[in-house]
Amino acid sequence: MHVELDEKVRSWLQSKGNQLSVKTIGVNACCAPPIQDFITHLGKPKDLHNYHEIKVDNLSIFVEKHLSSNEKMTLKLTGLGIFKTIKAKF
């Protein structure tokens, strides 16, 4: 898998410990079709056996195994100040 990220993402991750985890979350509602989105969080996942580690420079990006079959993932930095976070897009 190819990981695309810009310098803002790289420097922010480096300041936060060089590790990022990406996983899916599903939302099921009674009156609407199920929705699936991607969540990122800083650090290593607790269940490492369910993730593939991708090294980009000195960053470790842990991606759920079923997501790692995608060809490309793009990481973008969003938010302001203490509310900054990284969004993943496949």
**Item:** Non-hydrogen side-chain atoms of Leu59 and Leu20 separated by less than 4.5 Å
**Value:** no
**Asked** At what distance, to the nearest 0.5 angstrom, does CD of Gln36 lie from OG1 of Thr24?
**Response** 5.0 Å
**Request:** Answer whether the closest heavy-atom distance between the side chains of Ile25 and Phe38 falls below 4.5 Å.
**Result:** no
**Prompt:** Got Val56 and Ile54 here, is their nearest side-chain heavy-atom distance under 4.5 Å?
**Reply:** yes
**Request:** For Ser11 and Lys8, work out which heavy atoms get closest and say how close.
**Result:** OG-O, 3.3 Å
**Prompt:** Got a second to check how far Lys89's NZ is from Asn70's CG, nearest 0.5 Å?
**Reply:** 13.0 Å
**Message:** side-chain contact (heavy atoms from CB on, under 4.5 Å), that's the test. Do Leu67 and His52 meet it? Break it down for me.
**Reply:** CA-CA 9 Å; Leu67 294 175; His52 282 294; over 6 Å; no
**pair Thr74-Val3: side-chain heavy atoms closer than 4.5 Å** = no
**Request:** Nearest 0.5 Å please: distance from the CG atom of Leu5 over to the CG atom of Leu77.
**Result:** 11.0 Å
**Prompt:** With the 4.5 Å side-chain cut-off for hydrophobic clustering, are Ile61 and Met1 part of the same group?
**Reply:** yes
**Request:** Please check if any side-chain donor atom of Ser60 sits under 3.5 Å from a side-chain acceptor atom of Lys55, or the reverse.
**Result:** yes
**Prompt:** If we only count heavy atoms from C-beta on, is the Met73 to Val22 side-chain gap below 4.5 Å?
**Reply:** yes
**Prompt:** Do Phe90 and Lys72 come within less than 4.5 Å of each other through their side chains, counting heavy atoms only?
**Reply:** no
**Message:** A side-chain contact here means heavy atoms from C-beta on lying under 4.5 Å apart; do Gln19 and Leu42 qualify?
**Reply:** no
**Message:** Please report the interatomic distance OH(Tyr51) to NZ(Lys65), rounded to the nearest 0.5 Å.
**Reply:** 11.5 Å
**Request:** Show your working on side-chain contact (heavy atoms from CB on, under 4.5 Å) between Lys84 and Thr78 and close with a plain yes or no.
**Result:** CA-CA 6 Å; Lys84 284 186 181 177; Thr78 62; over 6 Å; no
**Request:** Please determine, by modelled atom types, if Asn50 and Glu64 share a side-chain donor-acceptor pair under 3.5 angstrom.
**Result:** no
**Nearest atoms (heavy-atom pairs only) where Phe62 meets Gly43** = CD1-O, 4.4 Å
**Prompt:** Considering all heavy atoms of both residues, which atom of Lys44 and which atom of Ser21 are nearest to each other, and what is their separation?
**Reply:** C-OG, 3.7 Å
**Asked** So do His41 and Thr85 actually touch side chain to side chain, heavy atoms under 4.5 Å?
**Response** no
**Message:** Please check if the number of heavy atoms outside Glu71 that lie under 6.0 Å from its CD is greater than 12.
**Reply:** no
**Heavy-atom donor-acceptor pair, Thr40 side chain to Ile86 backbone, under 3.5 Å** = yes
